[in-house]
Participant: 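Once you've had a glance at the structure underneath, I'll fire off some questions.
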Amino acid sequence: LTVSLFLEKNEIFHPKVFGILINKKNCFEKNSYLVMEPVDSMFSQIFFTTLFSDKSQSTEFYRIIIKTLCNFHNIGIYHADAKLWNFFCSSLEKVETFGMFDFDGSLIYKKLSIKKRLLDFGRLLASIIELNHVRKIDLYNDEFLKFAVSVYENSSKIEISTQILYDVLDGILAKKSIVRKY
């Protein structure tokens with residue numbers, strides 16, 4: 001709820017939170033749920049299959065997704081699970097209006113550290129690489145990483161260490177048995 005209010009204050013597009021539902025048992029929280037406005041343009045397998053078949057379209061999509069993450073980072077939000085599935089757009093026909101949801105692990109900082117930025121950015125890139133890997137498209141390479149870093153640096157005005165980002169990616173993608181070709 002705090003992250004949602006912070007996003008609203010900073011005019012960052014996201015699904016509005018209406019309240020919290022908390023289930024308790026013997027005075028202890030059993031589970032809780034955010035009650036949010038509906039998100040009707042979440043990404044599907046069909047969307048990505050179509051998107052990945054057109055390189056120029058997918059390149060623009062990656063640019064927008066990375067800039068969206070930068071918008072969150074630039075105001076101090078560490079998402080903690082910035083995978084592709086936690087992004088959405090207001091209309092699949094109008095992809096420039098992107099947002100994120102699933103803020104249950106998110107934290108707000110006065111200034112987001114490079115380490116936190118790299119963890120979120122690495123998680124996003126790993127999800128993109130993994131989804132393409134399933135479709136036999138290899139994005140775990142210098143060309144894609146240089147493109148992604150360039151977009152992030154231009155949007156954030158922060159320099160990113162490509163080597164540290166590779167270390168983050170190697171750690172995430174090794175769990176999926178996806179390895180970089182040198």
Participant: Within a strict 4.5 Å, meaning less than it, do heavy atoms of the Ile108 and Val3 side chains meet?
Facilitator: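 Result yes, sub-4.5 Å side-chain heavy-atom pair found.
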
Participant: Mind checking salt bridge (charged side-chain N to carboxylate O under 4.0 Å, His left out) for Lys55 and listing every partner two or more places apart, or none if nothing turns up?
Facilitator: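 Counting only residues at least two positions away or on another chain, Lys55 forms a salt bridge (charged side-chain N to carboxylate O under 4.0 Å, His left out) with Glu143.
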
Participant: If you take all heavy atoms of Ala148 and Leu125, which pair is closest and at what distance?
Facilitator: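 Answer, listing the atom of Ala148 first, then Leu125: CB-CD2, 3.7 Å.
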
Participant: How long is the straight-line distance from OG of Ser58 back to CG of Leu139, given to the nearest 0.5 Å?
Facilitator: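 Atom-to-atom, Leu139:CG and Ser58:OG are 7.5 Å apart.
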
Participant: side-chain hydrogen bond (donor to acceptor under 3.5 Å, both in side chains) with Ser56: which residues, sequence neighbours excluded?
Facilitator: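 If we apply the side-chain hydrogen bond (donor to acceptor under 3.5 Å, both in side chains) test to Ser56, skipping adjacent residues, the hits are Asp54.
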
Participant: Testing the basics here: between Asn132 and Ile128, what is the closest heavy-atom pair and its distance to 0.1 Å?
Facilitator: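 That closest heavy-atom pairing would be ND2-O, 2.9 Å.
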
Participant: Hey, does the side chain of Tyr78 reach the backbone of Leu119 with a donor-acceptor pair shorter than 3.5 angstrom?
Facilitator: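 No.
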
Participant: Mark yes or no for whether Asn74, through its side chain, and Cys70, through its backbone, hold a donor-acceptor pair below 3.5 Å.
Facilitator: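 Judged by distance alone, yes, a pair lies under 3.5 Å.
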
Participant: Mind listing the closest non-hydrogen atom pair of Ile172 and Ala126 along with its distance?
Facilitator: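 Minimum heavy-atom contact is CG2-CB, 3.5 Å.
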
Participant: So, using salt bridge (charged side-chain N to carboxylate O under 4.0 Å, His left out) as the criterion, who are the partners of Asp170 when residues are at least two apart?
Facilitator: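 Asp170 satisfies salt bridge (charged side-chain N to carboxylate O under 4.0 Å, His left out) with Arg180 only.
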
Participant: Examine the side chains of His73 and Asp120 and answer whether a donor and an acceptor come within less than 3.5 Å of each other.
Facilitator: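 Short answer, yes.
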
Participant: When rounded to the nearest 0.5 angstrom, what is the spacing between CG in Leu145 and OG in Ser150?
Facilitator: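 Those atoms lie 11.0 Å apart.
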
Participant: Would a 4.5 Å heavy-atom cut-off, applied to side chains only, mark Ile77 and Leu112 as touching?
Facilitator: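 Heavy-atom side-chain distance check fails, nothing below 4.5 Å.
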
Participant: Can you see which heavy atom on Ser106 is nearest to which on His79, and at what distance?
Facilitator: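 Between these two residues, the closest heavy atoms are OG-O, 3.0 Å.
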
Participant: Rounded to the nearest 0.5 Å, what separates atom CG in Leu7 from atom CG in Asn71?
Facilitator: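 Leu7 atom CG to Asn71 atom CG measures 10.0 Å (nearest 0.5 Å).
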
Participant: Kindly assign one of parallel, tilted or perpendicular to the pair Phe48 and Trp85, based on the angle between their ring planes and the thresholds 30° and 60°.
Facilitator: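 Ring orientation of Phe48 relative to Trp85: perpendicular.
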
Participant: For residues Val134 and Leu131: do they belong to one hydrophobic cluster (side chain heavy atoms under 4.5 Å, members Ile, Leu, Val, Met, Phe, Trp, Tyr)?
Facilitator: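 Unlinked, Val134 and Leu131 end up in two clusters.
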
Participant: Which ring-ring contact (aromatic ring centres under 6.0 Å, His included) pairs, counting each pair once, include a residue from residues 118-143, with sequence neighbours left out?
Facilitator: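 Only Phe121-Tyr152 qualify under ring-ring contact (aromatic ring centres under 6.0 Å, His included).
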
Participant: Just verifying a value: how many Å separate Thr68 OG1 and Leu124 CG, rounded to the nearest 0.5 Å?
Facilitator: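 Answer rounded to 0.5 Å: 9.5 Å.
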
Participant: Residues in salt bridge (charged side-chain N to carboxylate O under 4.0 Å, His left out) with Glu159, at least two apart?
Facilitator: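 Scan of Glu159 (salt bridge (charged side-chain N to carboxylate O under 4.0 Å, His left out), adjacent residues dropped) gives none.
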
Participant: Looking at Asn154 and Lys67, would you say the former's side chain and the latter's main chain have a donor-acceptor pair under 3.5 Å?
Facilitator: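 Such a contact is absent between Asn154 side chain and Lys67 backbone.
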
Participant: Measure the spacing between CD1 of Ile114 and CD1 of Ile160 and express it to the nearest 0.5 Å.
Facilitator: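 Going from the CD1 atom of Ile114 to the CD1 atom of Ile160 covers 5.0 Å.
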
Participant: Is the backbone N or O of Leu84 less than 3.5 Å from a side-chain atom of Ser127, with the two atoms forming a donor-acceptor pair by type?
Facilitator: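 Checking the backbone N and O of Leu84 against the side chain of Ser127, a donor-acceptor pair under 3.5 Å is found.
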
Participant: Under the rule for salt bridge (charged side-chain N to carboxylate O under 4.0 Å, His left out), what residues qualify as partners of Asp81, not counting sequence neighbours?
Facilitator: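 By the salt bridge (charged side-chain N to carboxylate O under 4.0 Å, His left out) rule, Asp81 matches Lys83, Arg123.
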
Participant: To the nearest 0.5 Å, tell me how far Glu130 CD sits from Leu173 CG.
Facilitator: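 Rounded to the nearest 0.5 Å, the CD-CG separation comes out at 7.0 Å.
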
Participant: By the definition ring-ring contact (aromatic ring centres under 6.0 Å, His included), identify the one residue from Phe87, Phe61, Phe72, Tyr62 that meets it with Phe98.
Facilitator: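 Among Phe87, Phe61, Phe72, Tyr62, the one meeting ring-ring contact (aromatic ring centres under 6.0 Å, His included) with Phe98 is Phe61.
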
